[in-house]
**Student:** 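One structure coming up, written as structure tokens, with questions to follow.
Side chains included, hydrogens not; waters and symmetry mates left out as well; all remaining heavy atoms used. Quick note: residue numbers are just sequence positions, from 1.
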Amino acid sequence: MTDEQPEQPTRERRVLDVAALRALGHPLRMRIFDILSQHGPQTSSTLAELTGESSGSTSYHLRILAKQELIREIPERSTGRERWWERPKGSTAWGDTDDTRSPAGRAALQAATSEFHRLRNEETLDFFTRRADREPEEWRDVASSFTTTARMTPAQLAEIADQIEALITAAGERYRDQEGEDVRSVTIRADLFPLRQLGGAS
């Protein structure tokens, strides 16, 4: 018996425009986007319970995310006033583009980037400083945080980034929809960037 999986179609990659970045620059909207990404479909009521907000507030922010096609309703699952929402399959990316080089575009990019990293830093800190000791041993043993420092050229760092991205993407494609008794949502991350030079400008 082998563990081979059927080849999956490549997930679409969407480069976000300024309007979508503005939508994600709001703390609650980024949180809702993350919950839908990490835990699957939700309603405004379930999101209210998870975020501590009112269902009216989560419903409002869901509509803004949907307007930018960052999320979508699941009509076949929605009944009456209970509307279910999901994040469409595919990856999102943002960075230095023609759309973000104006002052307004740069501000939208900075706001979305700030919320993105703030939430990820909070999740990392929460796990390693508060939750790790309360997790079952099998999960404690496999939770990891790796870092190293090297001296590299931009081309060498790009090569490492490509290798890591390929590994992470393959894992996501293979296990994204897996179900089972021991299965939980996990996060797989990598951060690569040049360190500030000593004596350099801030």
**Student:** With side chains defined as the heavy atoms from C-beta onward, is the minimum distance between Arg189 and Thr124 less than 4.5 Å?
**Tutor:**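 The answer is yes, as the side chains (C-beta and beyond) meet within the 4.5 Å cut-off.
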**Student:** Can you tell if the side chain of Ile35 reaches within under 4.5 Å of the side chain of Thr51, non-hydrogen atoms only?
**Tutor:**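 In short, these two side chains touch, coming nearer than 4.5 Å.
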**Student:** For the residue pair Trp94 and Phe116, categorise the inter-ring angle as parallel (less than 30°), tilted (30 to 60°) or perpendicular (more than 60°).
**Tutor:**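 Ring orientation of Trp94 relative to Phe116: perpendicular.
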**Student:** Return yes if some donor-acceptor pair links the side-chain N/O of Thr169 with the main-chain N/O of Ala166 below 3.5 Å, else return no.
**Tutor:**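 Pair absent, no side-chain N/O of Thr169 close to backbone of Ala166.
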**Student:** Taking Asp191 first and then Arg120, would you say they form a salt bridge - that is, a charged N and a carboxylate O separated by under 4.0 Å?
**Tutor:**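 The answer is no: the pair does not qualify as a salt bridge.
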**Student:** Run the side-chain contact (heavy atoms from CB on, under 4.5 Å) check on Thr97 and Leu109 step by step: do they pass?
**Tutor:** CA-CA 10 Å; Thr97 66; Leu109 175 62; over 6 Å; no
**Student:** If you look at every heavy atom in Pro88 and Glu69, which pair is closest and at what distance?
**Tutor:**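 Closest heavy-atom pair between Pro88 and Glu69: CG-O, 4.4 Å.
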**Student:** Would a single hydrophobic cluster contain both Leu65 and Val15, if residues Ile, Leu, Val, Met, Phe, Trp and Tyr are joined by side-chain heavy-atom contacts under 4.5 Å?
**Tutor:**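 Cluster IDs for Val15 and Leu65 differ.
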**Student:** Applying a strict under-4.5 Å side-chain criterion to I, L, V, M, F, W and Y, I'd like to know whether Leu70 and Leu50 cluster together.
**Tutor:**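 They do share one cluster, since a chain of ILVMFWY contacts under 4.5 Å joins Leu70 to Leu50.
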**Student:** Where the side chain of Ser114 meets the backbone of Gln110, is there a donor-acceptor pair that is under 3.5 Å apart?
**Tutor:**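 Not confirmed, Ser114 side chain does not pair with Gln110 backbone.
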**Student:** What pairs with Ala158 under side chain to side chain contact (heavy atoms under 4.5 Å, CB included), at least two apart in sequence or on another chain?
**Tutor:**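 If we apply the side chain to side chain contact (heavy atoms under 4.5 Å, CB included) test to Ala158, skipping adjacent residues, there are no hits.
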**Student:** Would you name the heavy atoms of Asp17 and Ala20 that are closest together and state the gap between them?
**Tutor:**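 Smallest heavy-atom distance, with atoms named: OD1-N, 2.9 Å.
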**Student:** With no hydrogens and no angle check, just 3.5 Å: does a side-chain donor-acceptor pair link Thr187 and Glu123?
**Tutor:**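 No pair is found: no donor N or O on one side chain lies under 3.5 Å from an acceptor on the other.
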**Student:** Rounded to the nearest 0.5 Å, what's the gap from CD1 on Ile71 to NE2 on His61? Could you check?
**Tutor:**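 Result: 11.5 Å between the selected atoms.
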**Student:** Mind checking whether Arg83 and Ser59 have side chains closer than 4.5 Å, heavy atoms only?
**Tutor:**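 Answer no - side chains too far apart.
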**Student:** Give, for atom CD1 of Ile164 and atom CD1 of Ile188, the distance between the pair rounded to the nearest 0.5 Å.
**Tutor:**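 Ile164 CD1 to Ile188 CD1: 12.5 Å, rounded to 0.5 Å.
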**Student:** In the structure I gave you, are the side-chain heavy atoms of Leu28 and Tyr60 within less than 4.5 Å of one another anywhere?
**Tutor:**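 In short, these two side chains do not touch, never coming nearer than 4.5 Å.
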**Student:** Can you name the closest pair of heavy atoms from Ala108 and Val18 and give their distance?
**Tutor:**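 Shortest heavy-atom separation between Ala108 and Val18 comes out as CB-CG1, 3.9 Å.
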**Student:** With sequence neighbours left out, write down each residue that passes side chain to side chain contact (heavy atoms under 4.5 Å, CB included) with Thr43, or none if nothing qualifies.
**Tutor:**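 Residues passing side chain to side chain contact (heavy atoms under 4.5 Å, CB included) with Thr43: Ser45, Thr46, Glu82, Trp84.
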**Student:** In Å and rounded to the nearest 0.5 Å, what is the CG to CD1 distance from Leu157 to Ile160?
**Tutor:**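 Output value for this atom pair is 8.0 Å.
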**Student:** Could you pull out all residues at least two apart from Ser37 that satisfy side chain to side chain donor-acceptor pair (under 3.5 Å)?
**Tutor:**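 Listed in chain order: Arg87.
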**Student:** Does Leu192 belong to the same Ile/Leu/Val/Met/Phe/Trp/Tyr cluster as Ile168, with side-chain heavy atoms less than 4.5 Å apart forming each link?
**Tutor:**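 The answer is yes; both residues are in one hydrophobic cluster.
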**Student:** Using only atom types and a distance under 3.5 Å, with no angle test, would you say the side chain of Arg140 pairs donor to acceptor with the backbone of Glu135?
**Tutor:**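 The answer is yes, because a donor-acceptor pair under 3.5 Å joins these two groups.
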**Student:** Can you measure from CZ (Phe127) to CG (Asp133) and round to the nearest 0.5 angstrom?
**Tutor:**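 One finds 9.0 Å between CZ of Phe127 and CG of Asp133.
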**Student:** Is there a donor-acceptor pair closer than 3.5 Å between any side-chain N or O of Arg29 and the backbone N or O of Ala23?
**Tutor:**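 At least one qualifying donor-acceptor pair exists.
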**Student:** Looking at Ser185 and Gln38, would you say the former's side chain and the latter's main chain have a donor-acceptor pair under 3.5 Å?
**Tutor:**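 Here the side-chain-to-backbone pair exists.
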**Student:** More than 12 foreign heavy atoms under 6.0 Å from CD of Glu138: is that the case here?
**Tutor:**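 Enclosed: over 12 neighbouring heavy atoms sit under 6.0 Å from CD of Glu138.
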**Student:** So does Ala111 get a backbone contact from the side chain of Thr113, meaning a donor-acceptor N/O pair under 3.5 Å?
**Tutor:**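 No; judged by distance alone, with no hydrogens or angles, the pair does not exist.
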**Student:** Under 4.5 Å between side-chain heavy atoms, hopping through other hydrophobics if needed: is there a path connecting Tyr175 to Val183?
**Tutor:**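 No, separate clusters.
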**Student:** Supply the atom-to-atom distance Ile64 CD1 to Leu24 CG, rounded to the nearest 0.5 angstrom.
**Tutor:**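 The CG atom of Leu24 is 11.0 Å from CD1 of Ile64, to the nearest 0.5 Å.
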**Student:** Would you confirm whether Thr58, through its side chain, and Ser44, through its main-chain N or O, come within 3.5 Å as a donor-acceptor pair?
**Tutor:**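 Side chain of Thr58 to backbone of Ser44: a pair is present.
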**Student:** Measure across Arg14 and Gln68 and return the closest heavy-atom pair with its distance rounded to 0.1 Å.
**Tutor:**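 Heavy-atom minimum between the residues: NH2-O, 2.8 Å.
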**Student:** Salt bridge check, Glu122 against Arg31: does any charged N sit closer than 4.0 Å to a carboxylate O?
**Tutor:**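 Glu122 and Arg31: not salt-bridged.
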**Student:** Tell me, with the steps shown, if Arg106 and Asp96 meet salt bridge (Lys or Arg N to Asp or Glu O under 4.0 Å).
**Tutor:** CA-CA 9 Å; Arg106 179 58 58 182; Asp96 184 24; 3.6 Å; yes
**Student:** Enter the distance from Arg63:CZ to Trp85:CH2 here, rounded to the nearest 0.5 Å.
**Tutor:**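 One gets 8.0 Å once the value is rounded to the nearest 0.5 Å.
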